[in-house]
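Okay, structure first, notes after.
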Amino acid sequence: MNNTKSFFIKSFGCQMNVYDSDKMKDIFISHGLSPTDDYQAADYIVLNTCHIREKATEKTYSDLGRVHKKGKTDHKIIVAGCVAQAEGDLIQLRAPYVDLVLGPQSLQLLDTYLSGPNPHLKTITEFDAIDKFDTLKRFKTNNHSKSSFVTIQEGCDKFCTFCVVPYTRGSEYSRSIPEIIEEIKKLIDQGVIEVTLLGQNVNAYHGPDETGKERGLSYLINKISELDSIKRIAYSTSHPNNMTDDLIELHGNNTKLMSCLHLPVQSGSNKILKLMNRKHTRELYFEIIEKLRKHKTNIALSSDFIVGFPGEDEKDFTDTIDLINQVGFMNSFSFKYSPRPGTPAADKKQLPLKVQEDRLKIMQTLLNQQEIDFNKKFLSKRVEVLISSSGKYKGQVKGKSEFNQSVAIPGNPNIIGNIVSVQITDISVHSLIGKAEI
Ligand code: SAH
Ligand code: SF4
Ligand code: F3S
């Protein structure tokens with residue numbers, strides 16, 4: 001009989017949580033535990049949570065209820081991530097069976113927790129990004145994919161009036177360049193050829209190089225490009241105010257940088273942008289897009305939008321639709337505004353739900369159409385695809401194009417991990433179908 005203890009991790013929210021979940025996985029494995037996809041059989045169940053919208057937070061509690069009811073009785077339940085940070089002790093009041101609450105800057109303490117039962121480790125929500133990364137680098141990475149996330153920056157100092165991130169992730173912190181390069185070299189040893197650099201405000205990156213001199217994101221990307229084994233680099237998520245000219249130019253002259261950029265604008269109305277405390281205008285956004293396209297004509301753009309923000313009238317909404325029409329996006333995320341406790345906009349007069357829903361529907365119809373139009377342009381064309389896994393159907397494999405589109409092709413799993421040239425034969429709304437060119 002196998003006596004190895006097992007763990008199950010479910011990740012909610014953004015890519016930074018996925019990165020943190022991978023790090024927790026490394027810690028569990030270093031303690032001799034093995035991963036399982038079956039939470040009912042797991043000895044440790046971790047929910048790595050997201051607090052960004054009310055729905056995301058409520059999902060934590062409904063999942064906790066399910067895990068508690070159906071799981072074994074001798075398991076440990078751990079709540080990590082942004083709900084852990086925002087709600088702290090409240091979690092154990094609502095769900096007393098939770099064994100440990102770990103904020104995103106304290107997840108390294110999972111190691112201490114697993115080293116022996118410690119009654120003091122109940123709710124830990126310290127902000128200590130330096131200790132986090134210092135501790136995490138001791139653990140062997142268990143990445144079996146060709147593509148990996150690397151968090152290079154944590155936290156946010158921008159305080160948009162709708163957003164919880166500055167409260168859940170703390171203030172901005174950039175990791176040093178030598179430390180990032182060391183982590184990427186370890187990933188290369190595991191076979192990684194593509195990295196996505198992560199930060200809540202990734203283009204605000206300003207970490208020290210080996211001499212202690214502060215450097216920006218474009219310098220870091222160039223340094224990473226010098227590593228032969230790395231074939232592709234992407235970064236996410238950016239803020240318009242930190243799209244510096246050197247970074248924009250890099251899109252034209254660094255061939256390893258993917259041909260896409262996620263640049264959230266949130267609204268196309270200057271009045272709403274001001275109420276959101278975004279500190280940029282629609283004109284600045286247009287200016288950035290124009291410069292980007294000058295340096296990289298075929299760059300594919302995606303964005304995030306919030307509809308129904310307090311104070312948004314028909315004219316403001318029309319301004320956002322106009323911005324979407326003028327820019328033309330490859331794909332985007334759009335959300336109804338969700339008031340978050342403790343953020344300034346939550347106390348303002350809220351729009352009726354019906355108005356929010358109607359506007360969201362109009363926006364999503366337009367964004368979907370733009371995605372279809374974007375993908376249609378690829379019919380009969382050739383794209384480079386990093387094949388990363390088996391496809392939905394037998395005999396199929398899939399991966400991402402250099403524009404970050406999902407592409408499926410008939411193929412043998414032994415080509416997983418290769419970048420192949422693919423001829424596109426068919427499209428659907430969210431993905432492309434093709435065949436490998438020999
Ligand atoms: N750092 C990123 C955003 C991270 S949160 C940036 O500055 O763009 C991801 C997205 O969630 C945001 O871009 C925003 O569109 C959405 N979001 C954040 N708070 C929200 C809220 N209270 N209601 C609805 N959507 C929200
Ligand atoms: Fe949130 Fe604004 Fe910071 Fe993005 S820039 S994480 S939206 S506060
Ligand atoms: Fe959610 Fe936290 Fe990311 S609130 S979006 S998991 S930074």
Side-chain angles (χ1 to χ4, degrees), residues 10-21 47-60 79-87 102-105 107 125 127 129 149 151 153-173 198-205 235-243 261-268 272-273 275-280 285 301-310 312 320 329 332-348 350-351 353 356-357 359-360 363-364 367:
K10 182 166 175 187
S11 210
F12 302 82
C14 65
Q15 295 166 329
M16 301 197 61
N17 259 12
V18 175
Y19 175 88
D20 284 349
S21 292
L47 300 184
N48 196 14
T49 60
C50 173
H51 195 55
I52 203 83
R53 284 168 291 275
E54 191 183 352
K55 244 193 193 156
T57 303
E58 283 314 309
K59 185 96 185 60
T60 302
V79 178
C82 291
V83 178
Q85 187 67 43
E87 307 226 321
L102 271 185
Q105 310 291 14
L107 64 86
T125 49
F127 280 120
F149 294 133
T151 293
Q153 183 261 347
E154 278 269 4
C156 179
D157 295 337
K158 293 214 163 55
F159 291 92
C160 301
T161 56
F162 52 81
C163 184
V164 293
V165 170
Y167 311 96
T168 63
R169 293 269 173 174
S171 58
E172 240 177 73
Y173 166 76
L198 299 181
Q200 268 87 13
N201 244 290
V202 75
N203 57 344
Y205 175 84
Y235 61 95
S236 189
T237 299
S238 298
H239 191 287
N241 286 1
N242 300 105
M243 264 339 275
L261 177 68
H262 186 64
L263 191 61
V265 64
Q266 315 298 354
S267 170
I272 296 299
L273 288 170
L275 290 173
M276 287 177 166
N277 192 32
R278 290 288 291 180
K279 298 199 174 87
H280 63 80
Y285 196 79
L301 298 157
S302 56
S303 192
D304 292 346
F305 297 93
I306 295 179
V307 294
F309 188 78
E312 183 189 83
T320 307
F329 292 97
S332 289
F333 298 100
S334 46
F335 313 97
K336 277 185 299 218
Y337 170 67
S338 169
R340 308 307 290 129
T343 58
D347 303 332
K348 301 284 179 292
Q350 303 298 315
L351 260 63
L353 189 61
Q356 288 191 318
E357 281 171 350
R359 288 181 188 168
L360 187 65
M363 181 179 285
Q364 291 188 335
L367 290 169

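The basis for the numbers below is simple: all heavy atoms, side chains too, and nothing from hydrogens, waters or symmetry mates. Atoms within a ligand are numbered from 1 in the order they appear, just like the ligands themselves. Keep in mind it's a predicted model, so treat the numbers as computed, not measured.
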Measure the distance from [atom] to every protein heavy atom, then report the residue, atom name and distance (to 0.1 Å) of the closest one.
| atom | answer |
| --- | --- |
| atom 3 (Fe) of ligand 3 | Cys14 SG, 2.3 Å |
| atom 1 (Fe) of ligand 2 | Cys163 SG, 2.3 Å |
| atom 15 (O) of ligand 1 | Gln266 OE1, 2.7 Å |
| atom 4 (S) of ligand 3 | His51 N, 3.3 Å |
| atom 6 (S) of ligand 3 | Asn17 ND2, 3.3 Å |
| atom 7 (O) of ligand 1 | Arg278 NH1, 3.5 Å |
| atom 2 (Fe) of ligand 2 | Cys160 SG, 2.3 Å |
| atom 24 (C) of ligand 1 | Lys336 O, 3.3 Å |
| atom 3 (Fe) of ligand 2 | Cys156 SG, 2.3 Å |
| atom 5 (S) of ligand 2 | Asn201 ND2, 3.4 Å |
| atom 22 (N) of ligand 1 | Ser338 O, 2.8 Å |
| atom 1 (N) of ligand 1 | Gln200 O, 2.6 Å |
| atom 26 (C) of ligand 1 | Arg53 NH1, 3.4 Å |

Run the numbers for me: atoms of ligand 2, each under 4.0 Å from some heavy atom of [X], listed by number.
| X | result |
| --- | --- |
| Pro166 | 8 (S) |
| Lys158 | 5 (S) |
| His239 | 5 (S) |
| Phe159 | 8 (S) |
| Phe162 | 7 (S) |

Would you please indicate if the ring centroids of Tyr167 and Phe127 are separated by under 6.0 Å? no
Per-atom filter on ligand 3: closer than 4.0 angstrom to a heavy atom of Cys50 are 1 (Fe), 4 (S), 5 (S), 6 (S)
Inset, instruction - For the pair Ser338 and Glu54, evaluate side chain to side chain donor-acceptor pair (under 3.5 Å) and give the outcome as yes or no after the intermediate values. - result: CA-CA 6 Å; Ser338 169; Glu54 191 183 352; 4.8 Å; no
Sub-4.0 Å heavy-atom approach of [X] to ligand 1:
| X | answer |
| --- | --- |
| Lys158 | no |
| Met276 | no |
| Val165 | no |

Any protein heavy atom < 4.0 Å from atom 3 (C) of ligand 1: no
Looking only at non-hydrogen atoms, the one of Met16, Glu154, Gln200 nearest atom 7 (S) of ligand 3 is Gln200
Within the 4.0 Å heavy-atom cut-off, what Phe162 brings close to ligand 1 is both
At under 4.0 Å between heavy atoms, what of Ile52 touches ligand 1? The answer is both
Quick note on ligand 1: atoms under 4.0 Å from a heavy atom of Pro264 include exactly 8 (O)
Ligand 1 atoms nearer than 4.0 angstrom to some heavy atom of Asp304 are 9 (C), 10 (C), 12 (C), 13 (O), 15 (O)
One should read off an interatomic distance between Phe333 CZ and Asp304 CG, to the nearest 0.5 angstrom, of 7.0 Å
Item to complete: Give the ring-plane orientation class for Phe329 versus Tyr285, where under 30° counts as parallel, over 60° as perpendicular and anything between as tilted.
Response: tilted
In terms of heavy-atom contacts, Asn201 and Cys156 come closest through ND2-SG, 3.0 Å
- Can you list the steps and then say if Ser21 with Ser11 is a side chain to side chain donor-acceptor pair (under 3.5 Å)? CA-CA 7 Å; Ser21 292; Ser11 210; 2.9 Å; yes
Query raised in the report: Under 4.0 angstrom from ligand 2, any heavy atom of Arg278?
Result: yes
Practice item. Using 2.8 Å as a strict upper limit, say whether an N, O or S atom of Cys82 approaches atom 2 (Fe) of ligand 3 that closely. Key: yes
field: Any donor-acceptor N/O pair, Asn277 side chain to Thr161 backbone, under 3.5 Å
entry: no
